[in-house]
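Computed from a predicted structure; not experimentally measured. For the single chain, residues carry numbers from 1 onward in sequence order. Atom set for the values below is all heavy atoms of this structure, side chains included, hydrogens, waters and symmetry mates excluded.
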Amino acid sequence: MLRDILTNVCRHLPVNNSKVVMVSHLGKNYSCNPKYLCEYLLANHRCDLQLIYLYDPTNCSPDVFPEGVTPVSIYSKRFAYEMATCGWFVSNTRIPDWFRFNPRKGQHYIQTWHSSLRLKMIEGDSNLGKNYETMAKADSAKISAIVSGCRFSSDTFHRAFWYNGKLLEYGTPRIDYLLNLSNKEKSQIYAKARLSSEVHYVLYAPTFRKGGDLSAYSINYNALVLALRNKFGGEWKILFRLHPNLKDTVNVSDLGECCIDMTNYSDIQELIVLSDILITDYSSCMFDMAFMKKLCILYASDLDYYLANERNLYFDIKSLPFPLAQNNRELAELIDTYSENNYQKILSVFMQSIGSFEDGKACERIAEYIIQNND
C-alpha cells in the first residue's frame with residue numbers, strides 16, 4: 001500500500017518539535033477542542049509553532065481554516081509526511097489504524113476528547129464491541145496525555161479509557177471559547193450565521209438514535225415558541241440542529257416559520273453562544289451551556305426506551321440541574337414555572353460536585369505544556 005511505503009520512508013526523516021498537527025472528528029470538520037486550541041496557538045505562538053490541520057475533503061473545505069494554519073488532506077501524500085514528522089499530534093477522537101500513526105521518539109499525542117463532561121457512558125464503561133475495543137486500546141497505548149475538564153472526567157478517563165498515563169487537568173479549549181468570547185466576536189458570529197441579534201434563539205440539538213429513528217423528536221415547535229414568548233417576552237426562533245448523521249432526513253419547510261435549519265452549520269459552539277436556551281436530550285452540549293450559566297432544558301420523550309436500548313448514563317438524568325420534560329405539556333409547564341434563581345443555585349451545586357477545572361485558561365496551560373515539553 002502506497003501509504004505504508006510513504007510512512008516508512010518519512011519515519012526516517014527528523015521529527016520537527018515545533019510542528020503541531022491537529023484533527024477534529026477524523027477530518028470531518030474544523031471544530032471542537034482542536035479548533036480552539038489551534039486558534040489560541042495561532043494568536044499567541046505564531047512564530048514558535050508550525051500549525052497543520054488535517055481535513056477530509058469529502059466533508060470539509062480547506063477554505064474554513066484561518067490564515068497561518070496549513071490544511072492537509074487525509075488522502076494526500078503529504079498526510080503521511082506530516083504524521084511521521086510532527087512533534088505534536090492533537091485529536092478529539094480515537095485514531096484508527098489507517099492513520100498509520102505510531103509515535104516515534106520525540107512525538108507527543110495529546111487526546112482532548114470532544115466534551116468537558118458527558119452524560120452517555122463512553123469507552124470501557126459502554127459496550128461498543130470487540131473491534132472498537134481493540135482499536136481503542138491500541139490508540140490509548142500511544143497517548144502521551146489526555147486533557148480533562150473536571151475531576152469526574154479524570155476518573156472516567158483513568159477507569160474507562162484503558163489508560164493510566166498523564167492527565168492534563170486544565171479545562172478544555174471548547175469551554176475556553178465560550179467563557180472568553182468578546183462582544184465583537186459574538187457580533188461576527190451573528191453575521192456569519194445570518195441571524196439577528198434582535199431575536200431570542202432556542203437551540204434544539206437532540207442526539208442520534210440507532211437506525212436514525214426520528215420518533216423522539218416530537219416537540220410542538222409553534223407551542224414552544226408561544227410558551228417562551230409568554231414567559232420571557234420578545235421574538236423567539238428555534239435553531240433546529242439535527243445530528244450530522246440525520247442530515248437531509250427532515251423537510252425543514254414542514255417545521256414552520258419559527259424554525260431555522262442549522263443542521264449544516266459546522267460549529268455548535270457558535271450556536272450555543274447565540275442561543276438563550278438549549279433544548280437537548282442526552283447530548284454533552286448540555287454541559288457546555290451550563291458552563292455559560294445559561295438555561296438548558298432536557299426533552300426526552302423516549303427516556304425509558306433509550307435507557308433500555310441505547311446507552312447507559314453516568315448520571316440519573318432526573319438528578320441533573322436541567323429541567324426535564326417528556327412531552328409537550330410538561331415542556332410548556334416547566335417553561336411557565338421556571339425560576340432563574342433556583343436554576344442557578346442548583347447549577348452551582350452540580351458544578352462543585354463534578355470538580356470543574358473550567359476557568360477559561362485551558363488553552364494557555366496546554367500551550368505552556370507544549371512549549372515546555374518540546375524535546
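- Counting heavy atoms from C-beta outward, Asn373 and Ser144 have side chains that stay 4.5 Å or more apart.
- For Arg118 and Phe152, the positive end is not near the middle of the six-membered ring at less than 6.0 Å and at most 45° from its axis.
- Here Glu67 pairs with nothing under the side-chain hydrogen bond (donor to acceptor under 3.5 Å, both in side chains) rule; sequence neighbours left out.
- Residues passing the side-chain hydrogen bond (donor to acceptor under 3.5 Å, both in side chains) test with Arg329 are Glu333, sequence neighbours excluded.
- When the shell of 6.0 Å around NZ of Lys361 is examined, it contains 12 or fewer heavy atoms from other residues, nucleotides or ligands.
- Side-chain contact check for Tyr306 and Asp281: no donor-acceptor pair (N or O, by modelled atom type) lies under 3.5 Å.
- Using the six-membered ring where Trp is involved, Tyr201 and Tyr190 have ring planes that are tilted, between 30° and 60° apart.
- In this view, Asn328 satisfies the side-chain hydrogen bond (donor to acceptor under 3.5 Å, both in side chains) rule with no residue, not counting sequence neighbours.
- For residues 286-299, the side chain to side chain donor-acceptor pair (under 3.5 Å) pairs, not counting sequence neighbours, are Arg174-Asp288, Ser218-Tyr299, Gln269-Asp288.
- The number of heavy-atom neighbours closer than 6.0 Å to NZ of Lys231, taken from other residues, nucleotides and ligands shown, is above 12.
- Under the rule for a side-chain hydrogen bond (donor to acceptor under 3.5 Å, both in side chains), the partners of Glu133 that lie at least two apart in sequence or sit in another chain are Lys137.
- Residues Val90 and Cys38 are not in side-chain contact: their nearest non-hydrogen atoms beyond the backbone lie 4.5 Å or more apart.
- The hydrophobic cluster around Phe357 extends to none of the other residues, as no ILVMFWY side-chain heavy atom falls under 4.5 Å of it.
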